[in-house]
Amino acid sequence: MDEQTAMILALDLANRGLYTTTPNPRVGCVLLKQGQLVGQGWHERAGQAHAEVNALREAGQQARGATAYVSLEPCSHQGKTGPCCEALIQAGVVKVVVAMQDPNPLVAGQGLQRLREAGIEVEVGLMNAQAQALNLGFISRMRRARPWVRVKVAASLDGKTALLNGQSQWITGPEARADTHHWRARACAILTGIGTVNADDPQLNVRAVHTTRQPFRVVVDSHLRILPKAQLLAEGTWVVSAIQDAVKMKTLEARGAKVWCIPNKHGQVDLEGLMIHLAAAGVNELHVEAGAQLNGALLAAGLIDELLIYWAPTVIGHKAQGMFDFPELTVLSNQHRFKRVEFSAVGEDIRIVLRRAAV
């Protein structure tokens with residue numbers, strides 16, 4: 001097995017933790033000795049063994065003299081588990097090839113330095129772009145102190161998401177709706193607005209794919225208009241308001257929800273402040289399924305990193321509801337521009353992934 005193949009395998013292993021590692025990054029590790037695979041592992045869940053430790057366990061004594069291929073710099077600090085760089089040193093690994101340096105300030109090159117100090121050869125950068133794509137949310141939280149924000153929209157050919165009366169079920173087909181659950185499952189939290197909750201009473205959980213973890217649900221509700229009978233109110237739901245109302249807050253908390261008050265000067269939820277709170281709570285990827293008003297507010301605030309659009313081959317008319325509601329632009333130079341990442345068919349619909357910029 002060559003180096004490129006080994007790192008591809010390490011990234012594939014890391015991807016097995018796509019739904020479960022939060023708030024930790026997704027990491028895979030492969031051990032080669034004389035070109036032969038002797039150990040492999042990935043990080044599955046926070047608090048459990050890291051990828052390097054799992055690979056070393058599988059390799060046993062075969063790890064001595066081996067080369068480790070890791071999708072992310074081995075950690076150098078004591079957290080819920082011990083430092084992985086020390087485990088690699090003690091196992092007798094002679095070379096470590098790392099796809100990318102860890103953006104976590106607690107590591108950030110220190111793991112690489114410790115390996116080099118121990119006499120281990122270190123290389124960094126093999127398949128760096130692929131490694132970054134796997135952990136966009138973790139990188140964003142470490143570098144910008146906010147999650148990677150992905151907004152999902154299901155729209156007609158004329159860019160409409162619902163009829164004027166609010167009816168939206170269903171613009172896209174069953175394959176697209178099932179595909180959405182994969183994106184929900186990889187997110188740490190799902191964000192929506194009070195208009196969507198009161199109009200549709202959604203569950204906003206993962207159902208179409210198997211996962212052992214459900215994302216938190218977050219509702220932007222400036223004036224606490226959410227109904228206590230709403231389906232998504234349960235343990236693991238956060239309601240974010242701009243007012244303090246002890247009676248309403250107590251009612252919601254009795255349903256298991258947490259209520260945060262994060263107001264801005266206009267009496268609405270401070271969206272930038274919300275992102276800081278979510279990052280502090282360990283949210284790497286934030287998946288948004290909301291209406292035009294919240295989508296537009298996020299866009300105007302410059303908080304959308306990625307658009308996930310399911311484009312249906314149908315037309316429903318110019319008076320129907322659109323994707324984004326934000327102040328009218330008067331010059332085209334102020335338009336919100338994204339770059340295409342993916343364009344693929346999902347059933348009868350088209351899935352488009354667009355990004356504003358890398359972290």
Side-chain angles (χ1 to χ4, degrees), residues 18-20 22-23 137 147-155 161-162 166-222 224-241 251-260 262 269 271 274-275 277-278 281-298 303-310 321 323-324 346 351:
L18 189 67
Y19 300 160
T20 58
T22 181
W148 178 265
V149 179
R150 178 182 296 114
V151 173
K152 172 259 176 178
V153 179
T161 62
Q167 184 179 344
S168 62
Q169 297 179 343
W170 299 103
I171 291 175
T172 53
E175 294 88 354
R177 298 198 297 274
D179 188 69
T180 297
H181 286 262
H182 291 275
W183 296 87
R184 287 183 181 180
R186 66 175 289 165
C188 306
I190 300 173
L191 178 73
T192 192
I194 184 58
T196 298
V197 173
N198 283 349
D200 300 336
D201 193 22
Q203 297 179 63
L204 287 185
N205 57 5
V206 180
R207 300 185 299 278
V209 299
H210 174 72
T211 178
T212 58
R213 177 195 63 86
Q214 286 288 340
F216 295 109
R217 279 79 59 84
V218 185
V219 182
V220 173
D221 182 10
S222 293
L224 291 178
R225 295 188 293 119
I226 191 168
L227 301 176
K229 64 180 182 180
Q231 287 192 91
L232 54 65
L233 281 178
E235 185 177 354
T237 301
W238 301 333
V239 178
V240 189
S241 78
T251 300
L252 296 175
E253 288 166 355
R255 286 289 315 273
K258 291 182 180 180
V259 183
W260 295 351
I262 313 175
V269 168
L271 294 176
L274 171 58
M275 296 304 157
H277 276 71
L278 290 171
V283 174
N284 293 330
E285 292 186 20
L286 180 66
H287 179 89
V288 182
E289 293 192 27
Q293 186 173 358
L294 181 53
N295 287 348
L298 290 167
L303 294 173
I304 297 178
D305 298 303
E306 184 171 296
L307 291 175
L308 171 64
I309 299 175
Y310 294 93
Q321 298 181 25
M323 299 184 191
F324 302 96
V346 180
R351 182 179 68 203

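Everything quoted here is computed from the prediction, not taken from an experiment. Below, each value reflects all heavy atoms present in this structure, side chains not excepted, and no hydrogens, waters or symmetry copies.
Here the straight-line distance linking atom CG of Asp179 with atom NZ of Lys152 works out to 10.0 Å at 0.5 Å rounding. The line from CH2 of Trp148 to NE2 of His287 is 15.0 Å long, rounded to the nearest 0.5 Å. Distance check: Leu278 CG to Trp260 CH2 gives 5.0 Å after rounding to the nearest 0.5 Å. For the atom pair Gln231 CD and Asp201 CG, the distance stands at 4.5 Å (nearest 0.5 Å). A distance of 8.0 Å separates CD1 in Ile226 from OG1 in Thr237, rounded to the nearest 0.5 Å. Expressed to the nearest 0.5 Å, how far CD1 of Ile309 lies from CZ of Arg351 amounts to 12.5 Å.
With contacts defined as side-chain heavy-atom distances shorter than 4.5 Å, the pair Leu224/Leu252 qualifies. Looking only at side-chain heavy atoms (C-beta outward), Ser241 and Asp221 stay at 4.5 Å or farther from each other. Contact of the Ser222 side chain with the Ile194 side chain is not registered, since no non-hydrogen atoms from C-beta on lie closer than 4.5 Å. Between Val153 and Val151, the closest side-chain pair of non-hydrogen atoms falls below 4.5 Å.
The stretch residues 182-198 participates, sequence neighbours left out, in these salt bridge (charged side-chain N to carboxylate O under 4.0 Å, His left out) pairs: Arg184-Glu289, Arg186-Glu285.
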Exercise for the section: Run the numbers on Phe216 and Lys258 for side chain to side chain contact (heavy atoms under 4.5 Å, CB included), then give the verdict. Expected result: CA-CA 11 Å; Phe216 295 109; Lys258 291 182 180 180; over 6 Å; no
Exercise for the section: Go through the steps for Val239 and Leu233 under the test side chain to side chain contact (heavy atoms under 4.5 Å, CB included), then give the verdict. Expected result: CA-CA 9 Å; Val239 178; Leu233 281 178; 3.9 Å; yes
Practice task
Apply side chain to side chain contact (heavy atoms under 4.5 Å, CB included) to the pair Leu294 and Leu271, showing each step before the final yes or no.
Solution key: CA-CA 10 Å; Leu294 181 53; Leu271 294 176; 4.1 Å; yes
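Between Asn284 and Pro23, the shortest heavy-atom distance links the atoms ND2-O, 3.0 Å. Nearest heavy-atom pair across Ala189 and Val218 is CB-CG2, 4.2 Å. Taking each heavy atom of Leu204 and Arg207 in turn, the nearest pair found is N-NH1, 4.5 Å. Residues Val288 and Leu298 share a closest heavy-atom pair of CG1-CD1, 4.0 Å. The two atoms that bring Thr22 and Gly282 nearest to each other are OG1-O, 3.8 Å, heavy atoms only. Among all heavy-atom pairs drawn from Val219 and Gly193, the shortest one is CG1-C, 4.2 Å.
Applying the salt bridge (Lys or Arg N to Asp or Glu O under 4.0 Å) test to Arg177 and every residue at least two apart in sequence or in another chain returns nothing. For Arg217, there are no salt bridge (Lys or Arg N to Asp or Glu O under 4.0 Å) partners, not counting sequence neighbours.
Heavy-atom neighbours of Tyr19 OH from other residues, nucleotides or ligands within 6.0 Å: above the threshold of 12.
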